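What follows is a set of notes on a single structure, which appears directly below.
All values reported here derive from a predicted model rather than from experimental measurement.
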Amino acid sequence: MNASAPDHTASAGASLPDLLAGGVPAPDGAVNSDATAVPLIPSAGRPVAALLVMSLVLTLLVFAWAAWDHHRRVWDDSREQVVDVTHVLEEHAGKIFSIHATSLRYVERLVDDAGWKDIAGDSRFYDRLREIWQASPELESVWVVDPTGIIRVNTVQWPTPALDVSDREYFRAQLKPGAGIFIGQQLRGRISGAAFLPISQRMETRDGRFNGVAQLSLKPDYFIAFYRSLFSADPKTMMLVREDGAVLLREPAPADGDLQQGFYPELLKTPVDATGTFILSSPIDGVRRLYARRKVPNLPLYVLYGITTDSIAKEWEDRALIYAAVAVPASLALMLVAWIAIRRSRDLARADRILRHANTLLEARVADRTRHLDRALAEREMLLRDTHHRVKNNLQVVSSLLQLQAGMNPALRPALNDALRRIHAMGILHEQLHHASDVDVVQLDRVITALTCEVDNIHQGEGHAAGGPRRVSVVLDLTPLESDLTASVPVTLVLNEVLSNAFKHAYPEGRAGTLAVTLRREGDEGVLTVADDGVGMPDTATGTGRKSLGLLLIDAFTRQLRGSFLYEATTPGTRFTLRFPLG
């Protein structure tokens with residue numbers, strides 16, 4: 001070795017920083033005496049290059065995994081959203097159409113009582129139809145059609161002009177026995193000119209012969225306004241579709257106000273996946289969407305809700321661009337860390353801290369997502385509770401108004417008091433639902449206990465408050481039973497009518513006695529019994545006399561329950577039994 005020429009060893013032993021600082025390679029054969037302690041550039045270059053390549057590959061893999069994971073979560077969230085919204089739409093449609101199915105049965109009762117002979121000139125019949133129309137803001141009108149297809153009475157015009165609707169689909173569909181509730185496509189009124197959705201029911205005589213059609217006209221704008229209150233029209237769509245594929249209603253609606261018609265059975269025939277959704281290019285506008293659909297119980301009707309797949313893809317692409325914007329500087333950082341890691345092992349700890357920090361951020365995002373879902377569930381429950389509370393408050397306002405009216409019109413007081421009792425019964429039910437731990441389940445035994453105490457206080461409370469004893473003792477024997485709101489409303493109203501009738505008629509002239517209320521389960525049925533030891537039941541209960549409004553309501557609510565009721569004469573008194581399916 002030539003120790004006198006140390007300046008000529010740069011190419012063999014100088015470090016990379018020395019080269020970058022301007023070192024010049026020495027002539028061939030020049031060797032530094034410290035060459036064994038300082039690594040050569042070629043020997044360090046390969047590990048550095050390999051580490052840089054590995055860093056880039058790792059960055060690309062992390063970016064690809066993050067993009068794929070977000071793509072999966074965006075689609076999962078979209079599927080959950082369309083399923084949840086479809087459930088809300090199904091509940092809304094079910095309540096609206098169930099209420100009007102009851103109204104149609106009530107109209108049929110009115111026709112049975114009045115008969116066809118003088119119905120067109122009976123202003124009282126017209127007034128009753130107007131009461132039905134005024135009670136429902138979604139109703140355009142109410143129509144009564146005789147067996148020949150001639151409109152006898154409607155709420156649009158009085159007196160009703162002769163109008164033949166025998167060519168209308170809602171009339172022809174009811175010519176067949178057992179047709180049930182028919183919901184037709186949008187039509188335009190021949191008198192008003194307004195668009196409407198017809199819902200009709202066949203009326204029959206006691207021997208089963210065709211006795212005309214009861215028809216309600218629903219406002220499409222009511223449903224459109226409700227749908228728009230949930231979400232904007234683009235890129236989402238909501239539809240009501242009949243079970244044969246006929247589109248009844250769609251949001252977004254045509255801007256020109258044209259009637260929405262057409263048959264698209266593929267909307268109902270396309271199979272759904274395990275999440276309850278399906279993807280289909282819309283046969284209406286050709287847009288590809290992610291859909292969910294639900295059938296409205298007991299009606300030939302489906303609700304559908306869809307989101308465009310382009311909007312889902314755009315949401316993912318926007319987030320992927322963010323990932324890409326993070327990935328590029330992350331790659332540069334990883335390359336720098338990889339270069340420094342050759343020289344200093346402590347940078348490995350820094351890389352470990354970076355990875356731990358990224359993991360912490362990911363866990364924080366997962367926890368934040370979970371909190372959002374919990375908050376959404378809590379808001380839904382709070383919304384339902386608030387709805388029941390508002391309904392109860394509104395019923396109290398209506399009760400106060402009726403009490404004022406009764407005070408101003410003594411002649412109307414008996415009828416208004418009956419209405420007040422029924423409103424109180426509904427208020428008690430919504431009060432129980434407001435305080436219930438599960439807003440989707442009604443504890444029938446608790447509702448019956450509260451209602452019985454309320455009716456007892458109404459009929460005997462004044463004397464008891466003055467220190468006098470109660471003439472009639474009320475005994476409760478209730479088995480805990482659960483039901484949903486659909487069944488609990490008719491049960492509550494039936495019990496209100498039966499209890500009120502017992503207090504008013506079973507114990508006249510200060511007669512004392514015992515009134516027993518029992519609730520039990522028999523198989524898949526609930527059995528409600530009200531037994532008194534009073535003077536016995538009137539002829540209206542046995543069917544030999546003219547039925548009162550209370551008995552008509554009991555009959556209507558029992559039909560709604562798909563149950564049965566029976567009045568029996570006992571010794572002494574009367575026993576009322578209601579059977580209704582649970583579930």
Consider side-chain hydrogen bond (donor to acceptor under 3.5 Å, both in side chains). Of Asp146, Thr148, Asn211, which one does Trp116 pass it with? Asn211

Determine, for Arg79 against Asp273, whether the closest basic-nitrogen to carboxylate-oxygen distance falls under 4.0 angstrom. yes

Salt bridge check, Asp112 against Arg109: does any charged N sit closer than 4.0 Å to a carboxylate O? no

Quick one: are Tyr222 and Leu139 in side-chain contact, heavy atoms under 4.5 Å? no

When you check the gap from the basic side-chain N to the acidic O, do Asp167 and Arg172 get nearer than 4.0 Å? no

I need the single residue from Leu444, Thr558, Val527 that forms a side chain to side chain contact (heavy atoms under 4.5 Å, CB included) with Phe580. Which is it? Leu444

Basic-acidic side-chain contact under 4.0 Å: Lys269, Glu243: no

Is Asp285 paired with Arg250 through a side-chain N to carboxylate O contact shorter than 4.0 Å? yes

Check whether any side-chain heavy atom of Ile191 lies under 4.5 Å from a side-chain heavy atom of Asn154, and answer yes or no. yes

Centres of the Tyr291 and Phe278 rings: under 6.0 Å? yes

Please say whether the positively charged group of Arg130, taken as NZ for Lys or CZ for Arg, lies over the ring of Phe125, i.e. under 6.0 angstrom from the six-membered ring centre and within 45 degrees of the axis. no

Do Arg579 and Glu525 sit within salt-bridge range, that is, some charged N less than 4.0 Å from a carboxylate O? yes

Under 6.0 Å from the six-membered ring centre of Trp75 and within 45° of its axis: does the NZ or CZ of Arg73 meet both? no

